[in-house]
J.: 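Structure provided below as structure tokens; questions to follow.
Below, each value reflects all heavy atoms present in this structure, side chains not excepted, and no hydrogens, waters or symmetry copies. We name chains A, B, ... by the order of the sequence lines, and we start the count at 1 in each one.
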Number of protein chains: 2
Amino acid sequence: MKYQKIPEATIRRLSRYSRCLEEMEEKGEKVVSSAQLANKCIVNAAQVRKDLAYFGEFGIRGVGYYVRDLLNNIKKILGSNKEWRMALIGVGNLGSSLLAYKDFLKQNYTIVAAFDIDPPKVIGRVSEKLGKPVEVFHINRIKEVTKERKIEIGLIATPPSEAQSVANLLVEAEVRGILNFAPAQITVPEGFVVKDVFFTIILDNLAYLLSN
Amino acid sequence: MKYQKIPEATIRRLSRYSRCLEEMEEKGEKVVSSAQLANKCIVNAAQVRKDLAYFGEFGIRGVGYYVRDLLNNIKKILGSNKEWRMALIGVGNLGSSLLAYKDFLKQNYTIVAAFDIDPPKVIGRVSEKLGKPVEVFHINRIKEVTKERKIEIGLIATPPSEAQSVANLLVEAEVRGILNFAPAQITVPEGFVVKDVFFTIILDNLAYLLSN
DNA sequence: TCAATTTTGTGACTCCTTTCACAAATTTTG
DNA sequence: CAAAATTTGTGAAAGGAGTCACAAAATTGA
């Protein structure tokens, strides 16, 4: 295993493999071949092996991969073997739904604080919907609270016009990872990471495929 | 302009160009060069020209592109110059938030019906949050209602265990486009299109980048 | 024990995407 | 009006990513 730049597509596939392996583990399957895993994830078997080869040798020739073992290794590679503490900024329509979207909570990604320009109004609305409400702070407390609660990822769910200034606040608070749901291009300094979730881009993509 | 397979990345970029051009049009800018547009979208200028070249010649040498003109052309290419009527299936946490997520409504993508296994409970909850509530039907009326309301895209926001059977219903109802928010692999016949929105894959991606 | 079988890990090849570089077309300037 | 400047469109080159094919390693079975 020599150093190489790892394709982003490989990382996305590892995430899929991870999910499939979890299912397999639940079903009590002990061993899996690259062909079986590939089949389940709808990719090429050589692709699975190549993806893994970027990070080491995890299989046994003639046998395959031990499910639990491979899963642990992939989680270690992805960094998904730890709890990630997240902050939500913007508790409007989209924001409050992210709070309510329990799929996050099952995983190792947890929203441990939320911020808004108008927190009191929002607390009521949120706690109404949730068993275990997330505390909503005024936006001007971001730096203080993210430090205190060891927050590493920020979810931007504000209107697009506010996205960049919220990103700036997160940068100032040294929150290095940003997941941006606001349909706006935001920029951050070296060392910070932004991933966008733009529903409209995906819908446009679907529209294109349906029109052709 | 001869026929070629068009990269999916090109389509995604066209969607970004479209957004940028809309902003420019709002600002009253009439003409834009590939370099300016590229700069705004953080891509290479040659990339912009190559992407457009798949579909024709839209610029004027020595001048650039007319903003409105290019925007219209891109929308025509993407199929985003028409209204797309969508159905939401699964009005739980995620689903009701998609209903509330106004960004859809501003655009040419509209949710015109929703479905659930337990519609009455859900209607109350949704209308509470919305000015203009979307009618929620029992899931067994999908075929009838999608036909009646000319629905072309289905949003799956059910628990993962139900995703495939909902997809099957949509296929049966000849809803050719599916946007799948449920973290489950679904398969559809030739001629149908599925796009996945898996938050956990994106988060895993972020986690990886933050860990390395 | 050893041949047959299975399955990984990986070099080589193919295919696809991006970037470069420049001719062609248009506008601007003197 | 002609030379300089601008900017597109595109063939060619470079750079990645995915697939193939096979040697190497392990297991199974006779």
J.: Has B/Y66 got more than 12 heavy atoms of other residues, nucleotides or ligands less than 6.0 Å from its OH?
T.: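 Not more than 12 within 6.0 Å, no.
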
J.: So, B/E83 and B/K150, do they make that salt bridge, N to O below 4.0 Å?
T.: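 Answer for the salt bridge query: no.
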
J.: Whole Å only: how far is the CG atom of B/L14 from the C1' atom of C/dT17?
T.: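 The distance from CG of B/L14 to C1' of C/dT17 comes to 15 Å, rounded to the nearest Å.
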
J.: With sequence neighbours left out, write down each residue that passes salt bridge (charged side-chain N to carboxylate O under 4.0 Å, His left out) with B/K75, or none if nothing qualifies.
T.: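 So B/K75 forms a salt bridge (charged side-chain N to carboxylate O under 4.0 Å, His left out) with B/E22.
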
J.: Can you pull the side chain to side chain donor-acceptor pair (under 3.5 Å) pairs that have at least one residue in residues 177-191 of chain B, sequence neighbours excluded?
T.: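 Qualifying pairs, neighbours excluded: B/N180-B/D196.
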
J.: Would you tell me whether A/T110 and A/R85 have side-chain atoms, one donor and one acceptor, within less than 3.5 Å of each other?
T.: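 There is no such pair between these side chains.
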
J.: Give the table of side-chain donor-acceptor pairs shorter than 3.5 Å for residues 201-212 of chain B, with sequence neighbours excluded, one pair per line with atom names and distance.
T.:
| unit_1 | atom_1 | unit_2 | atom_2 | d |
| --- | --- | --- | --- | --- |
| B/D204 | OD1 | A/Y109 | OH | 2.6 |
| B/D204 | OD2 | A/S15 | OG | 2.7 |
| B/S211 | OG | B/A207 | O | 2.6 |
| B/N212 | ND2 | B/Y208 | O | 2.6 |

J.: Scan for side chain to side chain donor-acceptor pair (under 3.5 Å) pairs involving residues 156-168 of chain B, sequence neighbours excluded, and state none if there are none.
T.: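 The answer is B/Q164-B/N168.
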
J.: Roughly, in whole Å, what's the span from CZ in B/F58 to P in D/dG9?
T.: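 Taking CZ of B/F58 and P of D/dG9, I get 9 Å after rounding.
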
J.: Could you measure the distance from the CD atom of B/E144 to the CZ atom of B/R149? Nearest 0.5 Å is fine.
T.: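 These two atoms lie 9.5 Å from each other.
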
J.: Using purine N1 to pyrimidine N3 plus N6-O4 or O6-N4 for Watson-Crick, or N1-O2 and O6-N3 for G-U wobble, both under 3.5 Å, which nucleotide pairs with C/dG30?
T.: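 Partner of C/dG30: D/dC1.
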
J.: Does the protein touch nucleotides 22-30 of chain D at the base, only the backbone, or not at all? Give it as B, S and - per nucleotide, heavy atoms under 4.0 Å.
T.: --BBSS---

J.: Got a sec? Which of residues 71-78 of chain A come in under 4.0 Å of DNA chain D, heavy atoms?
T.: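 The answer is none.
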
J.: If you draw a 6.0 Å radius around NZ in A/K76, do more than 12 non-hydrogen atoms from other residues or ligands fall strictly inside?
T.: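 It does not: A/K76 NZ has 12 such atoms or fewer within range.
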
J.: Do NZ/NE/NH1/NH2 and the carboxylate oxygens of B/K143 and B/E172 come within less than 4.0 Å?
T.: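 So B/K143 pairs with B/E172 through a salt bridge.
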
J.: Please list all pairs passing the salt bridge (charged side-chain N to carboxylate O under 4.0 Å, His left out) test where one or both residues lie in residues 25-38 of chain B, with sequence neighbours left out.
T.: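 Passing the test, one end in residues 25-38 of chain B: B/E25-B/R68.
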
J.: Using a strict 4.0 Å threshold on nitrogen-to-oxygen distance, state whether A/R49 and A/E57 make a salt bridge.
T.: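 No.
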
J.: Determine whether B/F199 and A/F181 satisfy the following criterion, ring-ring contact (aromatic ring centres under 6.0 Å, His included), listing intermediate values before the conclusion.
T.: CA-CA 11 Å; B/F199 294 126; A/F181 290 86; 5.6 Å; yes

J.: With salt bridge (charged side-chain N to carboxylate O under 4.0 Å, His left out) as the rule and sequence neighbours excluded, what pairs involving residues 36-46 of chain A come up?
T.: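 Applying salt bridge (charged side-chain N to carboxylate O under 4.0 Å, His left out) to every pair that reaches into residues 36-46 of chain A, excluding sequence neighbours, yields A/E23-A/K40.
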
J.: Please enumerate all residues that pass ring pair (Phe, Tyr, Trp, His ring centres under 6.0 Å) together with A/F115, with sequence neighbours excluded.
T.: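 Counting only residues at least two positions away or on another chain, A/F115 forms a ring pair (Phe, Tyr, Trp, His ring centres under 6.0 Å) with A/F137.
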
J.: I'd like a table of atom pairs between the protein and nucleotides 12-17 of chain D - only N or O on both sides, under 3.5 Å - with the distance next to each one.
T.:
| unit_1 | atom_1 | unit_2 | atom_2 | d |
| --- | --- | --- | --- | --- |
| D/dA12 | N6 | B/K50 | NZ | 3.2 |

J.: Roughly how many Å is it from CD in B/E57 to C1' in D/dT10, rounded to a whole number?
T.: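 B/E57 atom CD is separated from D/dT10 atom C1' by 9 Å.
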
J.: May I have the distance from B/L52 (atom CG) to D/dG9 (atom P), rounded to whole angstrom?
T.: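 That distance rounds to 7 Å.
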
J.: Please state whether the phosphate of D/dT8, meaning OP1 or OP2, lies under 4.0 angstrom from any side-chain nitrogen or oxygen of B/Y66.
T.: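 So the side chain of B/Y66 is outside the cut-off, no N or O lying under 4.0 Å from OP1 or OP2 of D/dT8.
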
J.: Please test B/R16 against B/V43 for side-chain contact (heavy atoms from CB on, under 4.5 Å), starting from the C-alpha separation and ending with a verdict.
T.: CA-CA 10 Å; B/R16 302 240 302 279; B/V43 294; 4.1 Å; yes

J.: For DNA chain C, which residues of residues 204-212 of chain A approach it to below 4.0 angstrom with any heavy atom?
T.: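 The answer is none.
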
J.: Of the residues in residues 31-44 of chain A, which ones touch DNA chain C at a heavy-atom distance under 4.0 Å?
T.: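 Close to the strand are A/S33, A/S34.
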
